[in-house]
Visitor: 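Here it is, the structure, as structure tokens.
Start at 1 with the first residue, then count along the sequence. Just so you know, ligand 1 is whichever comes first in the structure, and atom 1 is the first atom listed for that ligand. In what follows, every heavy atom counts, from backbone to side chain, and hydrogens, waters and symmetry copies are set aside.
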Amino acid sequence: MKIGIVGCHGRMGQMLVSAVLADPRTSLSGGTERGGSPALGQDVGKALGVVTSLKVTEDARALFEASDAIIDFTGPAATVLHARLAVETGKALVVGTTGLAEDDETVLLQTALSVPVVYAPNFSMGVTLLSALVEKTATVLDNNYDIEIVEMHHRHKVDAPSGTALGLGKAAAKGRAIALDHVWRKSRDGVTGPRSKGEIGFASLRGGDVVGDHTVIFAGDGERIEITHKASNRAVFATGAVRAALWTRDRSPGLYSMFDVLGL
Ligand code: NAD
């Protein structure tokens, strides 16, 4: 499968280039970067010390046309543009970008009417399983168990709570058959009053080079369950995204998640 990487010079972009080159089932069709990026015109593999003979370009349309599937870990504005190109060129799209607004997610839904789209806040197998465990735990423990989600990421991360933390919150809310946005408390500051029953709370820590730590706490009277996942290498997200891209082959249009890819 020919896979193109948009945002190929980003932290995840480079991991994705490396994962596509390493997988015998995939070949790299090229990479794009935003206008003004110092990577434009360089070899797509330069930052990795690899010669691919493919140059980083700004021409996303040409990359879509040359690819079977595109992997996008960029930012919300770029992802919306790429979703439109996926429809126009009929190519599958794998989206790892987080921090999408509701309107942006609506664009992905519309895109998925024409092409397969895999959209996940976290492409690691471990977090996908964690999410399934959280949903199950929330179905068993009623709201006498307070759910709090703590995440920590590197100092460069721009959105909070992390997309993964919100995804875990959604899984917990699903287990309790409620909508997350009715019960979430995304941060606390000052005199907040006592905790409301049934609330799902979030806390975000930022610092250093932390790839991604998530803990979901179910705190009851007399006991506490904590389920934790720690990513120590971004490569786990990249191999998961490549697996998702391969999975889109001959797939009908639709909006899919990592649960679908792993058959969970
Ligand atoms: P980054 O800032 O290092 O990389 C983003 C890259 O996209 C940059 O190189 C930027 O120049 C490029 N870009 C921006 N606009 C573009 C455009 N119009 N065309 C082409 N390239 C463009 O960030 P990162 O740490 O690699 O993370 C990227 C996104 O992926 C974030 O939203 C992050 O939260 C998310 N992420 C998701 C997962 C997951 O498993 N779903 C894992 C890690 C990171």
Visitor: Identify which of His9, Arg11, Glu58 has a heavy atom lying nearest to atom 25 (O) of ligand 1.
Guide: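 Nearest heavy atom to atom 25 (O) of ligand 1 lies in Arg11.
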Visitor: Can you tell whether the side chains of Arg176 and Glu135 come within less than 4.0 Å, N to carboxylate O?
Guide: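 Here Arg176 does not pair with Glu135 in a salt bridge, since their nearest N and O are not under 4.0 Å apart.
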Visitor: Which of the numbered atoms in ligand 1 are below 4.0 angstrom from a heavy atom of Thr97?
Guide: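 Reading through ligand 1 atom by atom, the close ones are 32 (O).
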Visitor: How far is atom 5 (C) of ligand 1 from its nearest protein heavy atom, and which residue and atom name does that atom have?
Guide: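 The answer is Phe73 O, 3.9 Å.
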Visitor: Applying a strict 4.0 Å limit to heavy atoms, is Lys157 in contact with ligand 1?
Guide: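 Contact check Lys157 vs ligand 1: positive.
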Visitor: Between Asp159, Leu81, Thr74, flag the one that comes closest to atom 7 (O) of ligand 1 by a heavy atom.
Guide: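 Among Asp159, Leu81, Thr74, the closest heavy atom to atom 7 (O) of ligand 1 belongs to Thr74.
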Visitor: Which protein heavy atom lies closest to atom 4 (O) of ligand 1, and at what distance to 0.1 Å?
Guide: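 Checking every protein heavy atom, the shortest distance to atom 4 (O) of ligand 1 gives Gly10 CA, 3.3 Å.
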Visitor: For ligand 1, which atoms sit closer than 4.0 Å to a heavy atom of Thr32?
Guide: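 So the answer, numbered in order with elements, is 20 (C).
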Visitor: When you check the gap from the basic side-chain N to the acidic O, do Arg224 and Glu148 get nearer than 4.0 Å?
Guide: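 Result for this pair is no, no salt bridge flagged.
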Visitor: Any chance CG of Asp142 has more than 12 other-residue heavy atoms, nucleotides or ligands included, within less than 6.0 Å?
Guide: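 For Asp142, atom CG is crowded (more than 12 foreign heavy atoms under 6.0 Å).
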Visitor: So which protein heavy atom does atom 26 (O) of ligand 1 come closest to, and at what separation?
Guide: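 Looking at atom 26 (O) of ligand 1, the protein heavy atom closest to it is Met12 N, 2.7 Å.
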Visitor: With a 6.0 Å cut-off on the ring centroids, do Phe123 and Phe73 count as close?
Guide: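 Distance test on ring centres: under 6.0 Å, yes.
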Visitor: Could you tell me if Asp209 and His154 have a donor-acceptor pair between their side chains, going purely by distance under 3.5 Å?
Guide: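 Asp209 and His154 do not have a side-chain donor-acceptor pair below 3.5 Å.
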Visitor: Do NZ/NE/NH1/NH2 and the carboxylate oxygens of Arg61 and Asp59 come within less than 4.0 Å?
Guide: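 Salt bridge between Arg61 and Asp59, a charged N being under 4.0 Å from a carboxylate O: no.
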Visitor: Of the protein's non-hydrogen atoms, which lies at the shortest distance from atom 35 (C) of ligand 1, and what is that distance?
Guide: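 I find the closest protein heavy atom is Gly96 O, 3.5 Å.
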Visitor: Just by distance, with hydrogens left out, do Ser124 and Asn122 show a side-chain donor and acceptor under 3.5 Å apart?
Guide: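 The answer is yes; a qualifying pair exists.
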Visitor: Does only the side chain of Ser37 get under 4.0 Å from ligand 1, or the backbone, or both, or neither? Count heavy atoms.
Guide: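 Looking at Ser37 and ligand 1, no heavy atom falls under 4.0 Å.
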Visitor: Which residue holds the protein heavy atom closest to atom 17 (C) of ligand 1, what is that atom called, and what is the gap in Å?
Guide: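 Nearest protein contact, heavy atoms only, for atom 17 (C) of ligand 1 is Ala78 CB, 3.6 Å.
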Visitor: Run the numbers for me: atoms of ligand 1, each under 4.0 Å from some heavy atom of Ala120, listed by number.
Guide: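 Numbered from 1, ligand 1 contributes 41 (N).
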Visitor: With a heavy-atom distance limit of 4.0 Å, tell me whether Pro121 approaches ligand 1 through its side chain, its backbone, both, or neither.
Guide: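 For Pro121, only backbone atoms sit under 4.0 Å from ligand 1.
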Visitor: Check each of Thr98, Val211, Val236, Thr79 against atom 34 (O) of ligand 1 and report the one with the nearest heavy atom.
Guide: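 Closest candidate by heavy-atom distance is Thr98.
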Visitor: How close does the nearest protein non-hydrogen atom get to atom 40 (O) of ligand 1, and which residue and atom is it?
Guide: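 Of the protein heavy atoms, Phe123 N, 2.9 Å lies nearest.
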Visitor: Hey, are Lys91 and Asp68 close enough for a salt bridge, meaning a charged N less than 4.0 Å from a carboxylate O?
Guide: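 Salt bridge between Lys91 and Asp68, a charged N being under 4.0 Å from a carboxylate O: no.
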Visitor: Counting only heavy atoms, tell me which of Met258, Arg34, Glu33 gets closest to atom 12 (C) of ligand 1.
Guide: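 Comparing heavy atoms across Met258, Arg34, Glu33, the nearest one to atom 12 (C) of ligand 1 lies in Glu33.
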Visitor: Which word best sums up how the rings of His153 and His214 line up, parallel for under 30°, tilted for 30 to 60°, or perpendicular for over 60°?
Guide: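 Plane angle over 60°, so perpendicular.
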Visitor: Side chains of Thr97 and Asp72: any donor to acceptor distance under 3.5 Å?
Guide: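 Per modelled atom types, Asp72 and Thr97 side chains form a pair under 3.5 Å.
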